[in-house]
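First the structure, in the form of structure tokens, and then the observations on it.
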Amino acid sequence: MAADANGESLLTCEKRPLWLLSCVLSLCVGLLFHMAAAMSIDHDARMLFDSLAHSTKQSIDMRIKSYSDLLRGAASLFRVSDQVTREQFHAYVSNLDLQKNFPGVMNLNYCKALDHAGRAAFEAAMQRDYPAGRDGYPAFAIDPPEPRDWYSVLVYIEPISSAPEKYGHDIAVRPPVARVLLQSRDSGEVSNSGLQVPMPGRPHLEGMAMRLPVYRNGMPVGTVQQRRAAYQGSVGLGYDLALMVHGVLAAMPVRNVRLTLFDIGTQTTEPQPLAHDTRPLFDSAAAGGPLPWWQPGGSRKYLSSTMLIDYNGRVWQALFSVRKSDLYTPFETYLPWLALLVGFTGSMLLYTVLHTLASSRLRAIRMATAMTDELRASQLRLQQSHQKLRRLAAHADHIKEEERKRIAREIHDDLGQNLLVLRIEADMLASRTQQQHPRLHARARATLRQIDATIKSVRQIINDLRPTVLDLGVNAAVEWQAAQFRARTGIACEVSESHGDISVSDQCATALFRILQESLSNISQHASASRVQIKLEKYHGNVWLTVSDNGVGAGTDGRNKHGSFGLVGIEERIKLLGGTCLIDSSPGAGMSVQVSVPLDASMQDFSHQ
């Protein structure tokens, strides 16, 4: 009883560490599930965020393109006629319904280009033709009033209520704007300075402007000089950048996405690193978050993306950022913890099942191991038995050929000689009795014919046992066998040789002869062929023998037919010599037997392996 108690206590002590280890491993599996779920959710959030940022960027591109198209349409109005009145411009803009069709656009305007010499006359004409209060416009005066070499004065602003203080303002007074205007005049393209338009008294507006040059109607504009000569001013539009961007962001299905825009120049194709004190064109966040916008990657709670926006020759760098939690659904928020629980619980259940089946699995493994060992031993014994059978077959075949050779030699040396002596005696008897004993002479002649037939039969038996032509080489043996086949069957048999006498061992020559003999025997009995072709050649250290016919052929199961050992015998003879055998046949397509044997092959070499 004490021993049993000690055994149970030891078993309990062994099980406790296993269960403790299983709990630790299950917790690790749960943590892996938690990490995998979190990474999957983060990846989906990143894909969603990148897609939203790309869509938002495309929306901004479309807004900018629509503004550019609006500007080109306004320029077309001035290119049709050099005398577009303020009333006509007002009617044109009113029909566009900017607030409805072009969100963010505050006004369309026209700037007149003039030099200092024409300033006074132009200012007087504007004051005369458009007195203060007409159409809601204030009194006209060029601002600032200081004299300059040239001016770009805002003369039409529709609706005037959007910026009445800009009426008469010379926008070229700002050097960056002046440079852009001159570049636009020379290129004929839409231009912008990248600077915000000052809006005194309205700090909430983030005004931006785009301009397009207007040339006099009918004048050529093919070269820079022609464009300078035809230049009369420019049309522009002013828009609220904040209103435009907030309208785009409002269409996003995810809230709290922060967008910051920077003007980074004109020749930039890649996002640029920005200093911390760089002033943005626009920032959708009314107040800074816990991190500056340029450091959203500094916390794993944020996602960020940087894209470039082509703003009519200038480049805006758009930086999108959002908290990851704003992209998660309620289910995705708790999914990693659910995965942790599922991983831990599933691992514990799996361990319980495996622990329950451990003993039976171990017994099954032991049984399988024992059966495998027994099977391997059986396979080894079978292989050894097969090798013994092959050696026995090789030895038996060698003994058989040697015995045939011995019997053929004894028949030739003993019986053949006796028959030859007997024939000589019979011939002499026939010669002596030819005149005096006709009846005895006839009997002697009959005996002589019988002796000749016996000698012929003995020679045939000798050739069947071991043809003497083999002593002349394998080439002569093949030619002789083909001639015998033609004489016996009447089937056309062609022999082609690529070399002269091929020197091989006696065993190899005998094997090739027997293979040819067996192949021709099969053809005569089963092939119903009218033509046989035999090839004997030497190639790469091997002697090749090919026997092909145009007979009825055989199916794939012909070699395994019960009681058929001809083809099997051919294959076995070749294997004993270390050669290869290829039998190609199909019903109605004839048969080809091709064997190859090393030139130095000997059956004794393989019979002892």
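A quick note: this is a predicted structure, and the numbers were derived from the prediction, not measured.
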Within the 6.0 Å centroid threshold, strictly below: W316 and Y311: yes

Side chain to side chain, K57 and I309, heavy atoms closer than 4.5 Å: yes

Non-hydrogen side-chain atoms of L48 and D44 separated by less than 4.5 Å: no

Donor-acceptor under 3.5 Å (S40 side chain, A36 main chain): no

R439 atom CZ: more than 12 heavy-atom contacts under 6.0 Å: no

Side-chain heavy-atom pair V595, T580 within 4.5 angstrom cut-off: no

Crowding at CD, Q272 (>12 non-hydrogen neighbours, <6.0 Å): yes

Least distance between heavy atoms, L512 atom then L545 atom: O-CD2, 3.7 Å

Test item: M591 and D584 side chains (from C-beta on) under 4.5 Å apart, heavy atoms: no

Residue pair H441 / S431, side-chain heavy-atom distance below 4.5 Å: no

From CA spacing to verdict: side chain to side chain contact (heavy atoms under 4.5 Å, CB included), V597, V504: CA-CA 9 Å; V597 182; V504 294; over 6 Å; no

Q594 and C581, any side-chain heavy atoms less than 4.5 Å apart: no

Distance-only donor-acceptor check, side chains S524 and T489, under 3.5 Å: no

Atom CD of Q525: over 12 foreign heavy atoms under 6.0 Å: yes

Side-chain (S457) to main-chain (A453) donor-acceptor, under 3.5 angstrom: no

No-hydrogen, no-angle side-chain donor-acceptor test under 3.5 Å, S378 and R381: yes

Heavy-atom donor-acceptor pair, N550 side chain to R531 backbone, under 3.5 Å: yes

Closest non-hydrogen atom pair between E479 and V495, with its separation: OE2-CG1, 3.7 Å

D69 bridged to K65 by N-O distance under 4.0 Å: yes

Under the salt bridge (charged side-chain N to carboxylate O under 4.0 Å, His left out) test, residues paired with K535 that sit two or more places apart: none

L536 vs W544 side-chain heavy atoms within contact, under 4.5 Å: no

Non-neighbouring partners of F33 that pass ring-ring contact (aromatic ring centres under 6.0 Å, His included), sequence neighbours left out: none

Closest approach of V257 to F320 (non-hydrogen atoms, all atoms of both residues): CG1-CD2, 4.3 Å

Shortest non-hydrogen contact from L340 toward G30: CD1-C, 3.0 Å

Student check: side-chain heavy atoms of I534 and T546 closer than 4.5 Å: no

Nearest heavy-atom neighbours spanning N542 and P598: OD1-CA, 3.3 Å

Whether over 12 other heavy atoms sit under 6.0 Å from R486 CZ: yes

Check against side chain to side chain contact (heavy atoms under 4.5 Å, CB included), V29 and F344: CA-CA 6 Å; V29 172; F344 178 80; over 6 Å; no

